[in-house]
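All remarks here apply to the structure that follows.
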Amino acid sequence: MKRTLDAINVLYPTPTVLVGAVVDGKPNYITIAHIGIVNHARPYLISLSSAKAHYTNAGIKENKAFSVNIPSENLVVETDYAGLVSGKKTDKSELFEIFHGQVENAPMIKECPINMECRLYDIYDTPTHDLLIGEIVETYADESVLTEGKIDLAKLKPLLFDMSSIKYWSVGEAVADCWKVGKQLK
Ligand SMILES: Cc1cc2nc3c(=O)[nH]c(=O)nc-3n(C[C@H](O)[C@H](O)[C@H](O)COP(=O)(O)O)c2cc1C
């Protein structure tokens with residue numbers, strides 16, 4: 001027997017990321033969990049849904065650039081903090097060490113093992129949120145989270161966000177091989 005839950009979004013877990021941008025001449029970071037994959041071919045496009053009132057949005061719109069950084073479990077406190085305080089009132093620019101790639105005004109976080117530098121590609125306007133579409137220009141990874149040159153989730157230990165429990169979760173075990181396990185029903 002199914003019960004209705006009202007028209008709520010239940011697309012969790014999602015990865016928790018730290019988005020870096022330059023706002024008023026300084027780096028600022030915002031925690032984002034409403035992140036999506038838009039185009040998985042060139043141009044590689046991803047989306048961030050960020051409430052219009054957030055300080056970071058203004059910097060992304062002005063400079064047309066941002067970074068998406070994936071924190072590991074060891075950064076849970078800093079990640080939560082970046083999502084608790086706004087750059088409008090609190091300077092978050094010293095929270096992380098930064099590095100730059102090819103894109104100006106897309107400060108990337110050294111402490112995060114994975115980083116994507118993005119150019120703003122488009123914005124889809126909703127009544128309350130900016131859906132910021134970014135084109136990935138380059139992706140960086142620490143050797144420590146790679147196995148044979150590929151990102152290894154067991155090493156990366158991303159923070160999975162769940163709105164139902166309002167908690168960060170860990171990645172569990174792999175279940176089966178994609179595009180393979182289903183073949184037994186062919
Ligand atoms: C785990 C977590 C996930 C969040 N995800 C989002 C999100 O997807 N979209 C959004 O608009 N705000 C999200 N927030 C809230 C912003 O990160 C928060 O309001 C932040 O302080 C805004 O910073 P800014 O004003 O410096 O840009 C999230 C916060 C947390 C703690």
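No hydrogens, no waters, no symmetry mates; every other heavy atom, side chains included, goes into these values. One-based numbering, in listed order, for ligands and for the atoms of each.
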Those atoms of ligand 1 less than 4.0 Å from some heavy atom in [X]:
X: Val85; value: 20 (C), 21 (O), 23 (O)
X: His34; value: 8 (O)
X: Ser49; value: 7 (C), 8 (O), 9 (N), 10 (C), 11 (O)
X: Thr56; value: 24 (P), 26 (O), 27 (O)
X: Tyr55; value: 24 (P), 25 (O), 26 (O), 27 (O)
X: Ala51; value: 10 (C), 11 (O)
X: Tyr168; value: 1 (C), 31 (C)

In the protein, what heavy atom is nearest to [atom], and what distance, to one decimal place, separates them?
atom: atom 5 (N) of ligand 1; answer: Ala33 N, 3.1 Å
atom: atom 19 (O) of ligand 1; answer: His54 CE1, 3.0 Å
atom: atom 23 (O) of ligand 1; answer: Lys92 NZ, 3.2 Å
atom: atom 18 (C) of ligand 1; answer: Gly83 O, 3.2 Å

Out of Ser50, Gly87, Ala82, Ser86, whose heavy atom sits nearest atom 20 (C) of ligand 1? Ala82
Residue selection (non-hydrogen contact nearest atom 28 (C) of ligand 1) among Thr31, Asn57, Asp91: Thr31
So do the side chains of [X] and [Y] get within less than 4.5 Å of each other, counting heavy atoms only?
X: Pro107; Y: His100; value: yes
X: Thr31; Y: Thr16; value: yes
X: Leu120; Y: Phe66; value: yes

Geometric class of the Phe96/Tyr29 ring pair [parallel <30°, tilted 30-60°, perpendicular >60°]: perpendicular
Determine whether the side chain, the backbone, both or neither of [X] has a heavy atom under 4.0 Å from any heavy atom of ligand 1.
X: Ala53; result: neither
X: Ile35; result: neither
X: Lys88; result: neither

Quick check: does any side chain N or O of Ser72 sit under 3.5 Å from a backbone N or O of Asn74, one acting as donor and the other as acceptor? no
Under 3.5 Å: donor-acceptor pair, side chain of Asn39, backbone of Ile46: no
May I ask you to check whether Asp130 and Ser50 show a side-chain donor-acceptor distance below 3.5 Å? no
Does the side chain of Asp24 come under 3.5 Å of the side chain of Tyr55 through a donor N or O and an acceptor N or O? yes
Please determine if [X] has a nitrogen or oxygen closer than 3.5 Å to a nitrogen or oxygen of ligand 1.
X: Phe161; answer: no
X: Tyr29; answer: no
X: Asp80; answer: no

Which pairs would a plain distance check flag for residues 135-151, meaning a side-chain donor or acceptor within less than 3.5 Å of a matching protein atom at least two apart in sequence or in another chain?
unit_1, atom_1, unit_2, atom_2, d
Tyr140, OH, Glu117, OE2, 2.7
Thr147, OG1, Asp152, OD2, 2.6
Thr147, OG1, Lys155, NZ, 2.7

Can you list the steps and then say if Asn28 with Thr56 is a side chain to side chain donor-acceptor pair (under 3.5 Å)? CA-CA 7 Å; Asn28 190 65; Thr56 312; 3.0 Å; yes
Locate the shortest heavy-atom distance separating Leu131 from Ser47; write the atom from each residue and the value. CD1-CB, 3.9 Å
Donor-acceptor contacts, no H, no angles, side chain residues 164-178, under 3.5 Å, sequence neighbours left out:
unit_1, atom_1, unit_2, atom_2, d
Ser165, OG, Asp162, OD2, 2.5
Ser165, OG, Trp169, NE1, 3.0
Tyr168, OH, Asp80, OD1, 2.4
Ser170, OG, Glu73, OE2, 2.8

